[in-house]
Participant: 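One structure follows; several queries about it will come next.
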Amino acid sequence: MATSLNQTVFKATVPVMFGYIPLGMAFGVLFSELGYHWLFASAMGIFIFAGAAQFLAVGLLANQAGLLEIFITTFLLNSRHVFYGISLISSMKAKGWRRFYLIFGLTDETFSLLTSTQPPEGTDRTDYQLRVTFFNQSYWVLGCTLGGWLGSQISFSTAGIEFVLPALFMVLAIEQFRHLRRAMPFVMALVIGLLVLLLISRDQMLLISIMISVAVLLLYRGGERWNPYRT
Amino acid sequence: MESVPYLIAVIAVMTAATFLTRVLPFVVLYKVADHPLLRYLGRFLPPVMMVLLLIYSFKNEDLFSNDFLPELAGLFAVLVLHLSMRNALVSILGGTGCYMALIQLGGFA
């Protein structure tokens, strides 16, 4: 029965494949510009397995960012995952290494598949969830590897390919705005980010801006709570 | 520039930080998931991060010179593509293609 389950899982994950392979390849090509061996692009797909974080890694590596800055930025960039986990707790019955791998592989796309598709009649839910996660990671690692290898071989000009990083953040920001429908955090972050960049520090811009933004968010919330006229 | 120990350290740190965001709800946060402060930060912090990272990716550019026009055009292309088609891959690759064409063919330095 394993074959038919694999076929079902493959069909369910085809849309993810069409997203992960090209995006993974874009990452790999971008990464190859740093001059490291292309196998490290595969390693990042295997171990980190997070699209936005890996694109960000290329920028951080190029800037020789500090490890603490990298840790905090990655954590906050991926902090949306926290809310995925919360909504999956009840449907995740796996134990041991299976549970470890399911949690490790909980990307945006895996999350949306696991919450929107059902295992076929008579199959084990954990088995289905594991295969979906593994198929998705395979597409991603394949894309990263192909891109990293291709980037080390090709000779056409890739000048400007680094734009995939701001383009990705732009898309994520638009998606966040559709979801939130409030201008405040966007305007606030734009003002704080630009002021810190222009007036305080180019190199420490990210960490300083994050700290100021969190402080402002907490103050803003405090202000809202005590405002008797709020709606 | 390509220091392998540094790269391995960065991969390890990013692996740990990413895994932490995925495992936290299963080990501790399910108890406090409904805390209003956590929900508030969960709603407002991701948009803040996206905007800060967007600015960070241009941190070595001169934002107020003509050299920045291709970047603005690329971002505008991403915006238009994403609002019209809402396909992340199309928006990212289309915007990047637009930017690459501008700097390679358009006479921008």
Side-chain angles (χ1 to χ4, degrees), chain A residues 19 22-23 34-36 40 43-44 47-48 50 53 56-57 59 61 67 70-71 74-83 85-86 89 103-104 106 157 159-161 163-174 176-177 180 185-186 189-190 193-194 197 202 205-206 209-210 213 217 221, chain B residues 1-2 4 6-7 9-26 29-30 33 37 40-60 63 70-71 74-75 78-79 82-83 88-89 91-93 95-96 99-104:
Chain A
L23 208 59
L34 293 172
Y36 293 108
F40 282 113
M44 289 174 80
F47 291 109
I48 305 177
L56 175 69
L61 284 163
L67 294 178
I70 293 176
F71 183 86
T74 310
F75 182 82
L76 292 177
L77 172 65
N78 287 333
S79 55
R80 62 188 187 285
H81 294 149
V82 165
F83 300 88
I86 287 170
I89 285 173
I103 293 173
F104 164 81
L106 202 52
S157 172
I161 185 104
F163 198 78
V164 292
L165 184 61
L168 171 74
F169 293 134
M170 185 78 183
V171 165
L172 292 172
I174 298 169
Q176 290 287 340
F177 184 75
L180 192 66
F186 298 90
L190 195 64
L194 288 176
L197 182 65
R202 233 170 233 281
M205 173 261 160
L206 197 54
S209 306
I210 290 171
S213 300
L217 277 180
R221 178 169 182 271
Chain B
M1 180 145 148
E2 59 262 41
V4 170
Y6 173 66
L7 174 65
V10 170
I11 294 177
V13 163
M14 290 192 107
T15 302
T18 303
F19 183 68
L20 196 61
T21 60
R22 291 176 182 162
V23 77
L24 269 180
F26 294 93
L29 283 178
Y30 63 94
L37 189 64
Y40 169 76
L41 287 178
R43 281 180 70 211
F44 283 74
L45 209 47
V48 167
M49 285 306 295
M50 297 318 156
V51 174
L52 290 180
L53 287 167
L54 186 60
I55 300 171
Y56 178 78
S57 41
F58 298 126
K59 85 179 175 76
N60 294 319
L63 303 181
E71 279 83 353
L75 289 180
V78 174
L79 184 71
H82 202 64
L83 292 181
L89 190 65
S91 316
I92 292 168
L93 297 185
T96 306
Y99 175 77
M100 288 174 76
L102 278 174
I103 63 162
Q104 289 186 22

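Sequence lines set the chain letters: A, B, ... in the order given, protein chains first and strands last, and positions in each chain run from 1.
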Participant: When you compare the side chain of B/Tyr40 with that of A/Leu217, does any pair of heavy atoms fall below 4.5 Å?
Facilitator: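 In short, these two side chains touch, coming nearer than 4.5 Å.
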
Participant: Classify the ring geometry of B/Phe19 against A/Phe104: parallel below 30°, tilted from 30° to 60°, perpendicular beyond 60°.
Facilitator: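 B/Phe19 vs A/Phe104 ring planes: tilted.
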
Participant: Walk me through whether A/Phe177 and B/Val51 qualify under side chain to side chain contact (heavy atoms under 4.5 Å, CB included).
Facilitator: CA-CA 11 Å; A/Phe177 184 75; B/Val51 174; over 6 Å; no

Participant: For a 4.5 angstrom cut-off between non-hydrogen side-chain atoms, does A/Phe163 reach B/Leu102?
Facilitator: no

Participant: Minimum heavy-atom separation for A/Gly193 and B/Ile55, please, with both atom names.
Facilitator: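 Distance-wise, the nearest heavy atoms are CA-CD1, 3.9 Å.
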
Participant: With chain A as the partner, which of B/Leu75, B/Leu45, B/Asn60 has the greatest number of non-hydrogen pairs under 4.5 Å?
Facilitator: B/Leu75

Participant: Calculate, to the nearest 0.5 Å, the distance between atoms CG and CG belonging to A/Leu34 and B/Leu7 respectively.
Facilitator: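 A/Leu34 atom CG to B/Leu7 atom CG measures 8.5 Å (nearest 0.5 Å).
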
Participant: Does a side-chain heavy-atom distance below 4.5 Å link A/Thr74 with B/Thr21?
Facilitator: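 Contact flag for A/Thr74/B/Thr21 side chains = no.
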
Participant: In terms of heavy-atom proximity below 4.5 Å to chain A, should B/Tyr56 be classed as side chain, backbone, both, or neither?
Facilitator: both

Participant: Side chain, backbone, both or neither: which part of A/Leu197 has an atom under 4.5 Å from a heavy atom of chain B?
Facilitator: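 Looking at A/Leu197, just its side chain touches chain B.
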
Participant: Could you tell me which non-hydrogen atom of A/Ser209 sits nearest to which non-hydrogen atom of B/Leu52, and how far apart they are?
Facilitator: CB-CD2, 3.6 Å

Participant: Could you tell me whether the side chain of B/Thr18 reaches within less than 4.5 Å of the side chain of A/Phe47, counting heavy atoms only?
Facilitator: no

Participant: Locate the shortest heavy-atom distance separating B/Thr96 from A/Ala167; write the atom from each residue and the value.
Facilitator: OG1-CB, 4.1 Å

Participant: Is it the side chain or the backbone of A/Met205 that comes within 4.5 Å of chain B heavy atoms, both, or neither?
Facilitator: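 Looking at A/Met205, just its side chain touches chain B.
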
Participant: Can you find a pair of side-chain heavy atoms, one from B/Met50 and one from A/Val171, that are under 4.5 Å apart?
Facilitator: no

Participant: For A/Ala57 versus B/Met14, what's the shortest heavy-atom pair and its separation?
Facilitator: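 A/Ala57 and B/Met14 have their closest heavy atoms at CB-SD, 3.3 Å.
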
Participant: For chain A, which candidate among B/Ala12, B/Gly74, B/Pro47 shows the most heavy-atom pairs at distances under 4.5 Å?
Facilitator: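 Maximum pair count with chain A is reached by B/Pro47.
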
Participant: What closest approach, in Å, do A/Leu67 and B/Val13 show between heavy atoms, and which atom pair accounts for it?
Facilitator: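 So the two residues come closest at O-CG1, 3.7 Å.
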
Participant: Can you tell me how far the CG atom of A/Leu194 sits from the CG atom of B/Leu63, to the nearest 0.5 Å?
Facilitator: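 One finds 6.5 Å between CG of A/Leu194 and CG of B/Leu63.
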
Participant: Is there a side-chain contact between B/Phe58 and A/Pro166 in this structure, where contact means two heavy atoms from C-beta onward sitting under 4.5 Å apart?
Facilitator: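 B/Phe58 vs A/Pro166: side chains touch.
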
Participant: When rounded to the nearest 0.5 angstrom, what distance separates CG in A/Leu172 from CG in B/Leu53?
Facilitator: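 A/Leu172 atom CG to B/Leu53 atom CG measures 9.0 Å (nearest 0.5 Å).
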
Participant: Is any side-chain heavy atom of B/Ile92 closer than 4.5 Å to one of A/Met170?
Facilitator: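 Heavy-atom side-chain distance check fails, nothing below 4.5 Å.
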
Participant: Under 4.5 Å heavy-atom distance to chain B, tell me which part of A/Ile174 shows up: side chain, backbone, both or neither.
Facilitator: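 Contact with chain B: side chain only.
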
Participant: If I compare all heavy atoms of B/Leu89 with all of A/Gly19, which pair ends up nearest, and what's the gap?
Facilitator: CD1-O, 4.2 Å

Participant: Please answer whether the main-chain N or O of A/Leu180 pairs with a side-chain N or O of B/Arg43 as donor and acceptor at a distance below 3.5 Å.
Facilitator: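 Side chain of B/Arg43 to backbone of A/Leu180, a donor-acceptor pair under 3.5 Å: no, none is there.
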
Participant: Report the option among B/Pro46, B/Ala17, B/Ala9 that has the most heavy-atom pairs separated by less than 4.5 Å from atoms of chain A.
Facilitator: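 That would be B/Ala17.
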
Participant: Determine the option with the most heavy-atom pairs under 4.5 angstrom with chain B, choosing from A/Leu56, A/Leu23, A/Ile161.
Facilitator: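 Sorted descending by pairs with chain B, the first entry is A/Ile161.
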
Participant: Find the distance between CD (A/Gln176) and CE (B/Met49) and round it off to the nearest 0.5 Å.
Facilitator: 11.0 Å

Participant: Looking at A/Val164, is its backbone amide N or carbonyl O close enough to the side chain of B/Tyr99 to form a donor-acceptor pair, meaning the two atoms are under 3.5 Å apart?
Facilitator: no

Participant: Donor-acceptor pair, distance only, cut-off 3.5 Å: does the side chain of B/Arg22 make one with the backbone of A/Leu106?
Facilitator: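 At least one qualifying donor-acceptor pair exists.
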
Participant: Should A/Phe186 and B/Val48 count as side-chain neighbours, where that means a heavy-atom distance under 4.5 Å?
Facilitator: no

